[in-house]
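Let me begin by presenting the structure, written as structure tokens, before commenting on it.
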Amino acid sequence: GQNIDQPTEMTATEGAIVQINCTYQTSGFNGLFWYQQHAGEAPTFLSYNVLDGLEEKGRFSSFLSRSKGYSYLLLKELQMKDSASYLCAPEINTGTASKLTFGTGTRLQVTL
Amino acid sequence: DTGVSQDPRHKITKRGQNVTFRCDPISEHNRLYWYRQTLGQGPEFLTYFQNEAQLEKSRLLSDRFSAERPKGSFSTLEIQRTEQGDSAMYLCASSLARIQRTGELFFGEGSRLTVL
């Protein structure tokens, strides 16, 4: 089966840095996606890691350790608009099919 | 707007009725996924298509649920004899996938179902 674990809620101050962790135990692991979802809206793509290491994209960075089953999303210079849920999604390949399985999401609240 | 459209956006129905949702993916995308999301949870995989072929269906999906993607373009998700537990947001996503990869999923705005 698949097991994905990420914190339910986090709070951080505008301008600060926050790290959202995700651990996973999955079979057929290909890579890991992070999605952002504002309340009442569809998830939108943030990042994709297939190799170990850090991928940086503007204020957002994502890290992957395949051997540890661990990823994190790093958000710098937090803005109020970053208040949203952040979904960790391992990409699973079963040989005949490939899909994303999502964690429950981490709801981030950015405060003044 | 991601280019993936879903219809209807909201549906309220009585228990026992049938409902159908439609998804129009980005035109050149070969993969189409259906997910279900309830409040406070992440999207839960239901089923997906590679072109017109349905390649996987979640074990969570009872036989009251059926999905089609005729001609590999739009898709429909039908729920027969709805139950209150079916109340959720039904999300459609499409991607341009290579072998053994999903590609980046582009989600539609979802169809919210409320079963009374």
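Between A:F60 and A:L75 there is a side-chain heavy-atom pair separated by less than 4.5 Å. Side chains of A:R107 and A:T8 form no contact here, defined as non-hydrogen atoms less than 4.5 Å apart. Side-chain contact between A:E14 and A:L78 is absent, with no heavy-atom pair separated by less than 4.5 Å. Contact annotation: the side chain of B:F21 approaches that of B:W34 to within less than 4.5 Å [non-hydrogen atoms, C-beta and beyond].
Residue contact with chain A, scored on non-hydrogen atoms closer than 4.5 Å, involves the side chain of B:L91 exclusively. Heavy-atom distances place the side chain of B:R31, and not its backbone, under 4.5 Å from chain A. For chain A, no part of B:E44 is nearby; none of its heavy atoms comes within less than 4.5 Å.
Looking at A:F63, A:Y24, A:W34 one by one, the single match for ring-ring contact (aromatic ring centres under 6.0 Å, His included) with A:Y72 turns out to be A:F63.
In summary, B:E52 and B:R69 do not engage in a salt bridge, as defined by a charged side-chain N under 4.0 Å from a carboxylate O.
Residue-level contacts of residues 43-56 of chain A with chain B, in order of numbering, are A:P43, A:F45, A:Y48, A:V50; threshold 4.5 Å between heavy atoms. Residues of residues 79-90 of chain B lying within less than 4.5 angstrom of chain A, judged on heavy atoms, are absent.
Of the N and O atoms on the side chains of A:Q19 and A:N21, at least one donor lies less than 3.5 Å from an acceptor on the other residue.
Between the side chain of B:T47 and the backbone N or O of B:E56, at least one donor-acceptor pair lies under 3.5 Å.
Considering only heavy-atom pairs separated by less than 4.5 Å from chain A, the leading option among B:E104, B:E109, B:Q41 is B:E104. Contact tally against chain A (heavy-atom pairs below 4.5 Å) for B:F45, B:F106, B:Y48: the top residue is B:Y48.
A:I17 and A:L112 sit in two unconnected hydrophobic clusters of ILVMFWY residues. Membership requires side-chain heavy atoms under 4.5 Å apart, directly or through other members.
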